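Just so we're clear, the structure is a prediction, and the values are computed from it rather than from any experiment.
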Amino acid sequence: MKKPPPFLAFFCGLVLLPSLFWVAEQVEANSEIERLQDQISERSDRLSEIEAEITRFELALLEVGAERETLQKAINQLELERKKVVADIAFTENKISSTDLELNKLILEISRTEADIEQNQTAIAEIIRQIDVVDDDTLVEVLLQHERLSDFWSTVERYQTVRNEIVIKVEELESLQELLVNKRDETTEQRDQLVALKEQYDDQSQVLLNNRAEQADLLQATRNEESEYQRLLDEKQSAREQILAELRSFEAELQFILDPTTIPTPGTQVFQWPLKNIIITQYFGGTEFARRNPGIYGGRAYHPGVDFGAPRGTQLFAPLSGVVRATGNTDAVPGCYSWGKWTLIDHANGLSTLYAHQDLISVTPGQTVSTGEIIGYIGNTGFSTGPHLHFSVYATDGVSVRQFNEIKTVTSCGPASTPVAATEAYLDPMDYLPPA
């Protein structure tokens, strides 16, 4: 009597019980993955601790910011800002380390998945070859190979079991291949995140250097005397008022008729918030309506944007995709107490946005930015009574970038540049932001 085909035993040995060598490799890979996961968990705990520390510094900065403007307050604020930025850097360092561990873990998981795929492919190929051999026999021939009918049906049942198992193996293989694709995509995302985090680390390190330089300049300029500090504040305030008066006078003469069809309808949310934590310290008040009704804006006759309070070094995000039209730094010209470091972005919906008083600008003119992308860091540059973001929204057609010496020379700002817009081109940012 002809013996049943040997592929059933082979199937059990090759498919159901993988080789000891392969198992040993998988055990070692799993052990390394578990070790990396433990390290990732430790990093996660440390990140939570640093986040709590950053929150404490931010609360302390809010308390200091509410105090009367004095030299000691300025020094205390700079010191708190320094500690907060150091914590920011530590957070980023830990994120880099954690992301690096995640990447290594993914690489191991990819290697393990590839080994699983190869194992399944080998088993499936061999089973198919064996089934092809068996399929050369007709059902009648298989029946004649058995003395008893029960043995025949047992053989048929085993054949069917093997066919069912190969279907299962094929499904497992498809799942593994899908898993492999997902892990490779995740690896690409992690690599991109790692690059972004390293750039962020460099930016935050520069913010720390800026903080130290400002502290040194403050102590040198005031000679650590309160009277000298107050005198400098008065000078800055006077210069600021003169610059603003000239700028507003120039803008009032600009001719611009706003076509409502070229911009989104007011009340339509087109922007995300430019900061994670929203603290509005001053609302918009600069249209003709605001001039006629200054009481609505706390008595302020003209404020062409919204101010957001935030500590130095806070990340600033693009609220909508767009193209950077220009950047500038009025502090590069002594005595030009204006926007400090600023960025102007044009959006495809007919609106443009300004981000002023930055500590560090992370984009360049002509660069395309995506919604949520880091474009800079909150600072205290230009004329500012404390770190914050000034956020203006314009009708794109009504805003241009000019040098101050095109406006009036009495300001002594000379070649420093600034966005300039006709009064009607200024729009209330709150009309396009999420509900406060």
A.B. asks: So do Thr364 and Thr327 actually touch side chain to side chain, heavy atoms under 4.5 Å?
C.D. replies: no

A.B. asks: So, do Leu389 and Pro274 sit near enough that their side-chain heavy atoms are less than 4.5 Å apart?
C.D. replies: yes

A.B. asks: Between atom CD1 of Ile75 and atom OG1 of Thr222, what is the distance when rounded to the nearest 0.5 Å?
C.D. replies: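 OG1 of Thr222 is found 6.5 Å from CD1 of Ile75.
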
A.B. asks: Between Ala74 and Leu218, which heavy-atom pair has the shortest distance, and what is it?
C.D. replies: CB-CD2, 3.8 Å

A.B. asks: Mind running side-chain hydrogen bond (donor to acceptor under 3.5 Å, both in side chains) on Thr353 and Tyr355 for me, showing each step along the way?
C.D. replies: CA-CA 7 Å; Thr353 48; Tyr355 313 82; 2.6 Å; yes

A.B. asks: Which atoms form the tightest heavy-atom contact between Leu275 and Gln315, and what is the distance?
C.D. replies: CD2-O, 3.4 Å

A.B. asks: Could you pull out every donor-acceptor pair under 3.5 Å between side chains of residues 429-436 and any protein atom, sequence neighbours left out?
C.D. replies:
| unit_1 | atom_1 | unit_2 | atom_2 | d |
| --- | --- | --- | --- | --- |
| Tyr432 | OH | Pro264 | O | 3.2 |

A.B. asks: When you measure from the side chain of Trp339 to the backbone of Gly328, do you find a donor-acceptor pair of N or O atoms at a distance under 3.5 Å?
C.D. replies: no

A.B. asks: Given side chains that start at C-beta, do those of Val86 and Leu208 come closer than 4.5 Å, heavy atoms only?
C.D. replies: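 Answer yes - side chains close enough.
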
A.B. asks: Kindly give the heavy-atom pair with the smallest separation between Pro311 and Glu58, and that separation in Å.
C.D. replies: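 Scanning both residues completely, I find the closest heavy atoms to be CG-CG, 3.7 Å.
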
A.B. asks: Taking only distance into account, with no hydrogens and no angle test, what donor-acceptor pairs under 3.5 Å do side-chain atoms of residues 43-55 form with protein atoms, sequence neighbours excluded?
C.D. replies:
| unit_1 | atom_1 | unit_2 | atom_2 | d |
| --- | --- | --- | --- | --- |
| Arg43 | NE | Ser97 | OG | 2.7 |
| Arg43 | NH2 | Ser97 | OG | 3.1 |
| Arg46 | NH1 | Glu49 | OE1 | 3.2 |
| Ser48 | OG | Ser44 | O | 3.2 |
| Thr55 | OG1 | Glu51 | O | 3.0 |

A.B. asks: Using modelled atom types only, decide if a donor and an acceptor are shared between the side chain of Thr381 and the backbone of Gly340 within a distance under 3.5 Å.
C.D. replies: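 Checking the backbone N and O of Gly340 against the side chain of Thr381, no donor-acceptor pair under 3.5 Å is found.
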
A.B. asks: Kindly give the heavy-atom pair with the smallest separation between Thr330 and Ser417, and that separation in Å.
C.D. replies: CG2-O, 3.8 Å

A.B. asks: Mind running salt bridge (Lys or Arg N to Asp or Glu O under 4.0 Å) on Lys73 and Glu67 for me, showing each step along the way?
C.D. replies: CA-CA 7 Å; Lys73 174 211 165 181; Glu67 297 173 1; over 6 Å; no

A.B. asks: Is the closest side-chain heavy-atom distance between Phe317 and Trp273 below 4.5 Å?
C.D. replies: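 Side-chain contact under 4.5 Å: no.
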
A.B. asks: For the residue pair His390 and Trp342, establish whether any side-chain heavy-atom pair is separated by less than 4.5 Å.
C.D. replies: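 Not in contact.
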
A.B. asks: Does the side chain of Asp307 pick up a donor-acceptor pair with the side chain of Thr281 at under 3.5 Å?
C.D. replies: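 The criterion, which ignores hydrogens and geometry beyond distance, is not satisfied for Thr281 and Asp307.
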
A.B. asks: Distance check, rounded to the nearest 0.5 Å: Glu214 atom CD versus Gln77 atom CD?
C.D. replies: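 Glu214 CD to Gln77 CD: 9.0 Å, rounded to 0.5 Å.
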
A.B. asks: Give the intermediate values and the outcome of side-chain contact (heavy atoms from CB on, under 4.5 Å) for residues Ile243 and Phe404.
C.D. replies: CA-CA 9 Å; Ile243 291 169; Phe404 275 99; 3.8 Å; yes

A.B. asks: Would you please test Glu114 and Arg184 for salt bridge (Lys or Arg N to Asp or Glu O under 4.0 Å) and show each step?
C.D. replies: CA-CA 11 Å; Glu114 288 174 337; Arg184 283 176 173 164; 2.5 Å; yes

A.B. asks: State whether a side-chain donor-acceptor pair under 3.5 Å links Tyr337 with Gln237.
C.D. replies: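 No, because no side-chain N or O of Tyr337 sits under 3.5 Å from a partner of the opposite role on Gln237.
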
A.B. asks: Hey, is the main chain of Leu194 close enough, under 3.5 Å, to the side chain of Thr99 for a donor-acceptor pair?
C.D. replies: no

A.B. asks: Between Lys341 (side chain) and Asp359 (backbone), is there a donor-acceptor pair under 3.5 Å?
C.D. replies: yes

A.B. asks: Taking all non-hydrogen atoms of both residues, which atom of Asp259 and which atom of Thr261 are closest, and how far apart?
C.D. replies: OD1-OG1, 2.7 Å

A.B. asks: Check step by step if side-chain contact (heavy atoms from CB on, under 4.5 Å) holds for Leu71 and Glu225.
C.D. replies: CA-CA 8 Å; Leu71 176 59; Glu225 294 180 6; 5.7 Å; no

A.B. asks: Which pair of heavy atoms, one from Pro334 and one from Ala332, lies closest together, and at what distance?
C.D. replies: CD-O, 3.7 Å

A.B. asks: Specify whether His388 and His357 have parallel, tilted or perpendicular ring planes, treating 30° as the upper limit for parallel and 60° as the lower limit for perpendicular.
C.D. replies: tilted

A.B. asks: Are Glu186 and Lys183 within salt-bridge range, i.e. N to O under 4.0 Å?
C.D. replies: no

A.B. asks: I'd like to know if Arg212 pairs up with Glu81 as an ion pair, taking the criterion as any Lys NZ or Arg NE/NH1/NH2 lying under 4.0 Å from an Asp or Glu carboxylate oxygen.
C.D. replies: no

A.B. asks: Does Leu258 offer a backbone N or O that forms a donor-acceptor pair with the side chain of Thr262 under 3.5 Å?
C.D. replies: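 Not a single qualifying donor-acceptor pair exists.
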
A.B. asks: Can you measure from CG (Leu106) to OG1 (Thr187) and round to the nearest 0.5 angstrom?
C.D. replies: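 Rounded to the nearest 0.5 Å, the CG-OG1 separation comes out at 4.0 Å.
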
A.B. asks: Under 6.0 Å from the CD1 atom of Ile257, do we count more than 12 heavy atoms belonging to anything else shown?
C.D. replies: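 Open: at most 12 neighbouring heavy atoms sit under 6.0 Å from CD1 of Ile257.
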
A.B. asks: What distance do Leu108 atom CG and Arg35 atom CZ have between them, rounded to the nearest 0.5 Å?
C.D. replies: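 CZ of Arg35 is found 9.0 Å from CG of Leu108.
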
A.B. asks: In sequence, state the C-alpha distance, the side-chain angles, and the governing distance for Val369 and Val324, and then conclude on side-chain contact (heavy atoms from CB on, under 4.5 Å).
C.D. replies: CA-CA 7 Å; Val369 296; Val324 179; 4.1 Å; yes

A.B. asks: Is there a donor-acceptor pair under 3.5 Å between the side chain of Thr423 and the backbone N or O of Ala252?
C.D. replies: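 Side chain of Thr423 to backbone of Ala252, a donor-acceptor pair under 3.5 Å: no, none is there.
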
A.B. asks: Compare all side-chain heavy atoms of Pro304 with those of Tyr394 and state whether any distance is below 4.5 angstrom.
C.D. replies: no

A.B. asks: Quiz question: by atom type and distance under 3.5 Å, do the side chains of Ser362 and Asp203 form a donor-acceptor pair?
C.D. replies: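 A pair is found: one side chain offers a donor N or O, the other an acceptor, under 3.5 Å apart.
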
A.B. asks: Nearest 0.5 Å, what's the CG-CZ distance between Leu247 and Arg240?
C.D. replies: 9.0 Å

A.B. asks: Quick one: does any side-chain atom of Asp346 pair with a main-chain N or O of Ser352 as donor and acceptor, under 3.5 Å?
C.D. replies: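 No; judged by distance alone, with no hydrogens or angles, the pair does not exist.
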
A.B. asks: Please check if any side-chain donor atom of Ser370 sits under 3.5 Å from a side-chain acceptor atom of Ser321, or the reverse.
C.D. replies: no

A.B. asks: Can a donor-acceptor pair be found between the side chains of Tyr377 and Gln204 at a distance below 3.5 Å?
C.D. replies: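 Short answer, no.
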
A.B. asks: Output yes when a side-chain donor or acceptor of Ser238 lies under 3.5 Å from a complementary backbone atom of Asp234, and no otherwise.
C.D. replies: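 The answer is no, because no donor-acceptor pair under 3.5 Å joins these two groups.
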
A.B. asks: Is a side-chain donor or acceptor of Gln230 paired with a backbone partner of Glu69 at a separation under 3.5 angstrom?
C.D. replies: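 Present.
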
A.B. asks: Do Gln200 and Lys95 touch side chain to side chain, with heavy atoms closer than 4.5 Å?
C.D. replies: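 Not touching, per the 4.5 Å side-chain cut-off.
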
A.B. asks: Quick check: do Arg312 and Leu78 have side-chain heavy atoms less than 4.5 Å from each other?
C.D. replies: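 The answer is yes; the side chains approach within 4.5 Å.
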
A.B. asks: Ring centres under 6.0 Å, that's the criterion: do Phe271 and His347 meet it?
C.D. replies: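 Ring centroids of Phe271 and His347 are less than 6.0 Å from each other.
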
A.B. asks: Does Phe256 CZ have over 12 foreign heavy atoms under 6.0 Å away?
C.D. replies: yes

A.B. asks: Can you check side-chain hydrogen bond (donor to acceptor under 3.5 Å, both in side chains) on Thr343 and Gln358, steps first, answer last?
C.D. replies: CA-CA 9 Å; Thr343 300; Gln358 295 179 66; 3.0 Å; yes

A.B. asks: Distance-only, no hydrogens or angles: does the Asp100 side chain make a donor-acceptor pair with backbone N or O of Ile96 under 3.5 Å?
C.D. replies: no

A.B. asks: What's the verdict on side-chain contact (heavy atoms from CB on, under 4.5 Å) for Leu80 and Val64, showing C-alpha distance, side-chain angles and the deciding distance?
C.D. replies: CA-CA 9 Å; Leu80 272 174; Val64 171; 3.5 Å; yes

A.B. asks: Does the pair Asp202/Lys198 count as a salt bridge with the N-to-O cut at 4.0 Å?
C.D. replies: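 Answer for the salt bridge query: no.
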
